[in-house]
Each structure stands twice: as structure tokens, then as C-alpha cells.
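In what follows, a structure is listed as C-alpha cells, so that the remarks can point back to it.
Order of appearance sets the numbers: ligands from 1, and atoms from 1 within every ligand.
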Amino acid sequence: MKFKELGLSENILKAIYDLGYNEATYIQNACIPIILNNRDILGQSQTGTGKTAAFGLPLIEKIKKSEGKRKPQALVLSPTRELSLQVSNELRKFSKYIEGIKVVTIYGGTSFQEQIKNIKQGCEIIVGCPGRVLDHLEKKTLKLDECNLLVLDEADEMLNMGFREDIEKIIEFIPETRQTLLFSATMPQAIKDIASNYQKDPLFIKNPETKLTGSTITQLGYEVAQKDKEKVLIQALEIRKPKMAMIFCNTKKMVDDLCAQLVSLNYPASAIHGDMKQEARTKVMERFKKGQINYLICTDVASRGIDVNNMDMVINYDLPQENEYYVHRIGRCGRAGKQGVAITLFNPKEKRIINDLEKITKSKINIEDLPTKEMIDKVIFEQIISDLKESLNIKTDKKINKLVLDLIKNENLDVNELLLALINKHYSKNTIEVVQAPIKLNSLKSKTRKKVSIKISVGSKDKVEVNHIVCAISEATGLNSKDIGKIKIFNTYSIAEIPEDIKNQIIKKLNKTTIKNKKIEVSLEKAKKSKRQR
Ligand code: ADP
Ligand code: MG
């Protein structure tokens, strides 16, 4: 459904348009009109389903222009500082065309003074973590006596973090006439208790779990080392020749890099990501639908508004960060009875995730061996021959035919030899490379949580990102990514935290490896006195 039909006003619709959202998600469709109608909601929906806008848009709609002193009219509680900041930013984006809406974010770990100053200056919306919000309420540096809308976002997460009591205390500070919206990915008893204690006749809204429709999607998986992914992608494109394919990466940067790489190899590819203006996205989509671009490279978020569903191939270049995304991604091919292929690339460490994906989709992902030289050659020659055969249908010119045949006769050429030379010439243009399966290594295991820092001789000037470092470490050592600590990228080098007990083995293995095709040098970084958090 379009946002236009949900009862939102023009200024908000304009902001949504700027964000590039085309259609409302299920939870947005279901919630927005109900919230506007003042009813409480108990919403259950997985991450990534658009809950922020589901409550955020009607929340903005309900804020009244303050007359006199500006006091908070809405409070959003969220489990972490990051999420609070994220929600605040979204709310600011939603309200960019409306004057007189200020959002103040409140979280622990920083000074009270700045927050108190911001609250005192007056604001309409508070977003924050329960602990610090309660602190302010108890110190009376925050008053919620005119707050008439409370949102508990990611409620199950807040309870997991032990915020139940804080939340209950906070609610006591808010007038009973308020509207209360509660969102949670899961519905344990504790959430139901909060709902029944603090909500008034809430409407329960549940996002339907996505299921794979039909069985016209062939799911394939290739186990491949990170550094070989691009070659395996090209194998898939060259061997299967999809007319419309979507290639999913997890970050904008990856999308841009991969797109630049494919374009430089003359592949008709284009990127779509959240930073692009609506107009630019629409243009790319039109070219894709017309077949002027065959490969669309995108992130999950950017793909959400895209309304092309008859893809013949979906490629998971990166494994989806949420299992649920896998279903969204591959569900875009194999619709309307069309045959679709979903190809997933994964590295040896990610094998377990493939099993999880099979479980949630209740279907099989066939792990195939990477094609051998013989297999690749066979496919390429078949393609050349079939191209030539197709050319037999082209109407030929008698005069030219005579010329050619005369030439062959006069020069005494062998037609068979000519044909083979022609085919070989085509073959020499082949861009498919053979890729070796990743080596199974004896994984290093750590028994300590103690970390030391190492210095790696590549940095942002080598276009290295955090995920490159993580992949390189786990590929070289077999180390679980949860054993890798903080990673910081500097211009010419990077610093990574690794387990103390196996530091020497790790450094030794890393010194034999490459990142972004560059041989790296790795050494122990001397510990500096930490100034943080006294
Ligand atoms: P949740 O809170 O359910 O995990 P979010 O509200 O954080 O989900 O939304 C996930 C992502 O989807 C965000 O980047 C958001 O900008 C984007 N998004 C939300 N609604 C839409 C929509 N209707 N169309 C396109 N993208 C959307
Ligand atoms: Mg959320």
C-alpha cells in the first residue's frame, strides 16, 4: 500500500518521498492508521520490518505545535545508545518539513549537563534508554506530565537487558491518559504482562512470517574464500547468463566496490543504495526493467522499495545479516511460475549459517563444487557453438557469400580449420577463471577473553574496511569472529584486537596472507595506557 492512503499529512509524505520509501511495509500499513486513531498497539515484528516508521510517522503527526513552554509530548524508550540515536535521527528525518519539533536523545555513559541543557531549552520528543531516562525523572531534570504518547521499542531486548523495573517506574511518571505502543520481536510472558498492566485494550498486530512461495527456486551454495568471491560471481554470471539478476552485499561500500569492478569489466551492472536520491534510483530501476542493465547490486535496505519481482537470479554475495533477509532476497526470483536460481557464496566459517537458512526456509540449499577447468571450457564452447548456430538463422547476402566462398577456394583454405580458429578466437576472450575450493584449516582456538592489539600494514588508503580485516583473520587462522575484538582502521595501517593466548600463532599465519591483494605485515602493538572510563 502507498503511504498516501494511510492518513498522513503532506509534509510527512514529502519527507517519506525523500527517504525513497515506495510502499509501506506490512507493519507500517497495519499500525499507522490505528495509531493515528489513538488506539494502543502491541506489535510483534522481526527486525528490519520498518517498525521505526510504523510508530515514528504517526508520532510526528500527533505532535502539536507548542504554545508557550516546550514540553515533551512523546517518549520513546529503546534498549541501547546506538538504537536511541538511530531512532532520533529517523524521527528528525520524518519531521524535516515540519517546524517546531525537537528531539532530544538521552542515554547513559555521558555527562548529565549537556542533556539537562537540551531538555531545558525545550523539546517535543524524548528518545532514550530506560536507565538514564529514569535518572533524569528522579532528579526532576525531566518532566513528563504533558507526555501523551509512550513507545516501548524493542521491548524484549530491553527486558533482556534487565530494564523491566526501570520501565515500570518510568511509566508511573507519565499521565494515564497516554497512548502506549509496544513493539517487540518476540512475545514472552513478561512482555504480555507489561502490555496487560500498562496498555488499554491494545490491538495485537503480528507481522506474518515470510515463507518461500512455490518451489521454483533452485538454491545453490558455493563455499569460497573471501578473496575469490568476485571470480565465483563472474563464473555464475558467465555460465548461467541471467537476464535479470540482483546481487546482494551487506554494506554500501561493498555495493559500490563490486559495482565499480563489474562495470570496469564491461558488465551491464548498476548499484542501488540508500544514499541515492529517489530520482536516481527511479532511473536505474527503469533501465533495469528495460533490460539496459542486467545486474543490480544492492543492500537489503535499499532493495526494500524495489518492485521488480521476476528476477531469474539472486546472488547472495554476502550472507544476509539476518536470516529473515535471506527469504526476502531469494523470494524475488522464481515468481509467477518462472524458474529462478538463488546462489549463495559463503566462506568455510559460515557453513553453519547455511544450515540455519535451510531450517528457516524448510528447503535444501545444494552445496556445489566450484566448476573445474573442464566444466568451464565445456560450457564456454557450448555457448560459442550455440551462438554460431543461431547465426545460421540470419539472412545472408548472396553476393557476400559468393565472395567469401571464392576467397576460400582461391586461397585453398580448409573450412574446418577456419571454423576452429574462429571458435578459439572467441574462446580467448573468456573471462572465467578457475577458482580453488578454500583450504580447510586447523582452526586456532582461544581459551581466554584477554586481548592484545596487533598492527596490520594496510589501512583506509588501501580501501580496507573492518570486514576485510575480520575475514582475513578468520580465514588465515580459522578463528571465530567473536574472538576478534575491536578493529580500528587508520590511513596506512589498522589495529585489531586478538586473543592473548594465541597471539604468536595468529601473527605468524597473518604474515603469510594478503588483504586486498596486498601482502601484509603484522606485528604486536605495544599496549597504551587506557584513558577511557575511570
Ligand atoms: P525495525 O525497527 O523493524 O528493525 P527499521 O525501522 O530500523 O526496522 O527499518 C529497517 C530499514 O528499512 C531502515 O533502514 C529503514 O530506513 C528502511 N525502511 C523502513 N520502511 C521502509 C519502506 N517502507 N520502504 C523502504 N525502506 C524502508
Ligand atoms: Mg527497530
Side-chain angles (χ1 to χ4, degrees), residues 1-6 8 12-33 35 41-60 76-96 105 127-129 151-161 181-187 191 205-210 246 248-252 255 272-278 281-282 284-285 298-309 320-325 327-329 332:
M1 181 127 55
K2 299 280 178 213
F3 283 100
K4 273 207 297 277
E5 293 153 45
L6 298 176
L8 296 162
I12 292 183
L13 291 174
K14 239 162 74 184
I16 300 174
Y17 183 81
D18 287 353
L19 283 168
Y21 297 0
N22 286 333
E23 300 243 334
T25 65
Y26 180 91
I27 197 88
Q28 291 163 358
N29 265 323
C31 290
I32 293 172
I35 300 177
I41 279 181
L42 176 58
Q44 180 177 6
S45 176
Q46 312 85 332
T47 22
T49 47
K51 290 189 284 293
T52 319
F55 68 76
L57 296 169
L59 181 153
I60 298 292
V76 182
L77 290 179
S78 141
T80 64
R81 166 196 168 129
E82 282 68 36
L83 282 171
S84 299
L85 287 167
Q86 210 175 308
V87 169
S88 304
N89 282 335
E90 298 272 300
L91 294 179
R92 290 189 188 109
K93 286 184 198 158
F94 299 156
S95 59
K96 71 190 234 200
T105 321
V127 181
C129 307
V151 183
L152 305 174
D153 190 20
E154 314 257 6
D156 49 353
E157 208 43 49
M158 290 200 281
L159 295 196
N160 287 341
M161 294 173 71
L181 312 174
L182 194 161
F183 291 94
S184 186
T186 56
M187 274 301 144
I191 297 280
I205 294 177
K206 187 169 187 236
N207 205 57
E209 277 161 36
T210 13
M246 264 170 111
F248 285 92
C249 301
N250 284 347
T251 64
K252 273 181 223 156
V255 166
I272 284 254
H273 53 60
D275 281 355
M276 286 164 73
K277 286 262 160 60
Q278 182 60 33
R281 291 164 58 115
T282 310
V284 170
M285 286 319 299
C298 53
T299 56
D300 291 282
V301 170
S303 78
R304 205 159 295 160
I306 295 176
D307 58 345
V308 183
N309 292 320
Q321 278 160 330
E322 303 279 341
N323 288 345
E324 198 64 28
Y325 293 171
V327 181
H328 290 293
R329 288 181 178 186
R332 291 183 165 278

Can you find an N or O of Glu154 that's nearer than 3.5 Å to an N or O of ligand 1?
no
Do any nitrogen or oxygen atoms of Tyr21 come within less than 3.5 Å of a nitrogen or oxygen of ligand 1?
yes
Say whether Phe183 and ligand 1 are in contact under the criterion: heavy-atom distance to a ligand atom below 4.0 Å.
no
Could you walk me through whether Asp18 and Lys93 pass side chain to side chain contact (heavy atoms under 4.5 Å, CB included), step by step?
CA-CA 9 Å; Asp18 287 353; Lys93 286 184 198 158; over 6 Å; no
Should Thr299 and Thr251 be marked as a side chain to side chain contact (heavy atoms under 4.5 Å, CB included) after you check the CA-CA gap, both sets of side-chain angles, and the distance that decides it?
CA-CA 6 Å; Thr299 56; Thr251 64; 5.7 Å; no
Under 4.0 Å from a heavy atom of Glu23: which atoms of ligand 1 are those, numbered in the order shown and with their elements?
22 (C), 23 (N), 24 (N)
Can you list the atoms of ligand 1 that are under 4.0 Å from a heavy atom of Phe3?
23 (N)
Geometry only, no angles: is Gly20 polar-contacting ligand 1 at N/O separations under 3.5 Å?
no
Pick from Leu181, Ile12, Ile32, Ile41: which one makes a side chain to side chain contact (heavy atoms under 4.5 Å, CB included) with Pro58?
Ile32
So, does Lys51 use its side chain to make a donor-acceptor pair with the main chain of Ser45 at under 3.5 Å?
yes
Start with the C-alpha gap between Asp153 and Leu83, add the side-chain angles, then the distance that decides, and say whether side chain to side chain contact (heavy atoms under 4.5 Å, CB included) holds.
CA-CA 9 Å; Asp153 190 20; Leu83 282 171; 5.9 Å; no
Show me which atoms of ligand 1 lie under 4.0 Å from any heavy atom of Thr52.
2 (O), 5 (P), 6 (O), 7 (O)
Between the CD atom in Gln86 and the OG1 atom in Thr105, the distance rounded to the nearest 0.5 Å is 12.0 Å
